[in-house]
Protein chains: 2
Amino acid sequence: MGKKGEGNRQRILDAAENLFYKRGYNQTSFQNISDATDIPRGNFYYYFKTKEDILNAVIDARVVSLSAMLSNYDAEVPDPRERLLMFTNVLERDSDDIMLSGCPLGTLSIELAKGDTALHDKSKQAFIVLCKWMEEQFDLMGLSNADELAIDLVSRLQGINVMANVFNDAGYLKRSHIEIKKWINEQD
Amino acid sequence: MGKKGEGNRQRILDAAENLFYKRGYNQTSFQNISDATDIPRGNFYYYFKTKEDILNAVIDARVVSLSAMLSNYDAEVPDPRERLLMFTNVLERDSDDIMLSGCPLGTLSIELAKGDTALHDKSKQAFIVLCKWMEEQFDLMGLSNADELAIDLVSRLQGINVMANVFNDAGYLKRSHIEIKKWINEQD
DNA sequence: GTCTATATCGAGATAGAC
DNA sequence: GTCTATCTCGATATAGAC
């Protein structure tokens, strides 16, 4: 048999991650998560003390999965510039979701910035991981202002995601990704 | 004597505009607006049929005030490039609010994108006004791809605002505004 | 571990007195 | 026009049976 409970915990986490993204954290109810998992509301409290606990666990899971993805690039792709280009390509793959719901990291952090400070701070973690990784890549490319380039790249990507979300414009998204990749190739 | 009621309507609108920005639309209650205005909850329904009606009126007011601001630039500043630089300077003036609560237009649209479609569509209106105006300025500057430049500029500004909001970083905000103004001056 | 029933609260909205 | 009292609903959270 084994740990069936951990399976339930993971299912709650997966459903919450998706719903927090598609509906927003505050607009996602336990009922929504229950409907998506067929796990009754009351059962959630066996795995998580509060709704905030679920959010913290979701962010932890995101940090882990993002870190794993980036480590994978480090292992599979020798050239740091190629790694950055590959990251941009992944965003292209998710462009439908981004047009509908924006950037998973950005929209969550923006939502939480308007509420509790502790949750907003927590949401920064994924951004910090991403920025640090990009800084490493620019550093490996021998660029002196790697920290500024990293935040500039994330900033550009966030801007693109916001506009894609506001206007639901696929053409703009496609064009911008080309521009971003051009920009990455120009840095030296 | 005159229309005291319209004064109340305006006070509700002003308080709602501020609270929707600082707390988010969904996280702002009638009680919050009541506390801010000293107008009892029940009275709101004399001026607005629903909470969505208040939001629609807030967005209408923003469109009017943004249009007025831009028309004022058109009247006061002859050079279109100077107008764009002046717009950027205004954002600099609001940088404390942006670090705390993000871009008033962007964060609202992002929040509404996760819910009702009609409200999200409504929230685009301010963006459309802004993009059109910027397009006009680039057009007056004799640039052929004015439409793309306009959305690129808004995109860059949105990215900056997101990062400033996520990281509460004043230094980044200041540096980015310089870069943006450099970019505006480079376009020809 | 799992599930049902329920407590408690605050939300948007309404009715009607003044 | 203004204000109070109240309705209804859905939210998070808890208690306790199985």
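Note on naming: letters A, B, ... go to the chains in the order of the sequence lines (proteins, then strands), and numbering restarts at 1 for each one.
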Ignoring backbone atoms, test whether [X] places a side-chain nitrogen or oxygen under 4.0 Å from the OP1 or OP2 oxygen of [N].
{"X": "B:Asn43", "N": "D:dG1", "result": "no"}
{"X": "A:Asn8", "N": "C:dT2", "result": "yes"}
{"X": "A:Tyr46", "N": "C:dT2", "result": "no"}

Whole angstrom is fine here: how far is it from [atom1] in [X] over to [atom2] in [N]?
{"X": "B:Arg41", "N": "D:dT2", "atom1": "CZ", "atom2": "P", "result": "17 Å"}
{"X": "B:Lys49", "N": "C:dA15", "atom1": "NZ", "atom2": "P", "result": "13 Å"}
{"X": "A:Glu52", "N": "D:dA11", "atom1": "CD", "atom2": "P", "result": "17 Å"}
{"X": "A:Ile33", "N": "D:dG10", "atom1": "CD1", "atom2": "C1'", "result": "15 Å"}
{"X": "A:Ile39", "N": "C:dG1", "atom1": "CD1", "atom2": "P", "result": "13 Å"}
{"X": "B:Phe44", "N": "C:dT14", "atom1": "CZ", "atom2": "C1'", "result": "15 Å"}

Among A:Arg81, A:Arg83, A:Glu82, find the residue that satisfies the side chain to side chain donor-acceptor pair (under 3.5 Å) test when tested with A:Gln137.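 The passing option is A:Arg83.
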Side chain to side chain donor-acceptor pair (under 3.5 Å) partners of A:Asp94, counting only residues at least two apart: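 So A:Asp94 forms no side chain to side chain donor-acceptor pair (under 3.5 Å) with any residue.
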Name the orientation class of the two ring planes belonging to A:Tyr73 and A:Phe87 (parallel below 30°, tilted from 30 to 60°, perpendicular beyond 60°).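 Judged by the thresholds at 30° and 60°, the geometry between A:Tyr73 and A:Phe87 is perpendicular.
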What is the ring orientation for B:Phe30 with B:Phe44, classed by angle as parallel under 30°, tilted 30 to 60°, or perpendicular over 60°?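 Tilted, since the angle between the ring planes falls between 30° and 60°.
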Would you indicate which nucleotide in [options] comes nearest to any side-chain atom of [X]?
{"X": "A:Thr50", "options": "D:dA13, C:dT2, D:dC3", "answer": "D:dA13"}
{"X": "A:Tyr47", "options": "C:dC3, C:dT2, D:dA13", "answer": "C:dT2"}
{"X": "A:Tyr45", "options": "C:dT2, D:dA13, D:dT4", "answer": "D:dA13"}

Which residue pairs pass the salt bridge (Lys or Arg N to Asp or Glu O under 4.0 Å) test with at least one member in residues 128-149 of chain B, sequence neighbours excluded?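 Of all non-adjacent pairs touching residues 128-149 of chain B, those that pass salt bridge (Lys or Arg N to Asp or Glu O under 4.0 Å) are A:Arg175-B:Glu148.
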Protein N or O to nucleotides 9-11 of chain C N or O, pairs below 3.5 Å:
{"unit_1": "C:dA11", "atom_1": "OP1", "unit_2": "B:Ser29", "atom_2": "OG", "d": "3.4"}

Using a strict cut-off of less than 4.0 Å between a Lys/Arg side-chain nitrogen and an Asp/Glu carboxylate oxygen, indicate whether A:Glu52 and A:Lys122 qualify as a salt bridge.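 Result for this pair is no, no salt bridge flagged.
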Using a strict 4.0 Å threshold on nitrogen-to-oxygen distance, state whether A:Lys124 and A:Asp121 make a salt bridge.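 Judged by the 4.0 Å cut-off on N to carboxylate O distance, A:Lys124 and A:Asp121 do form a salt bridge.
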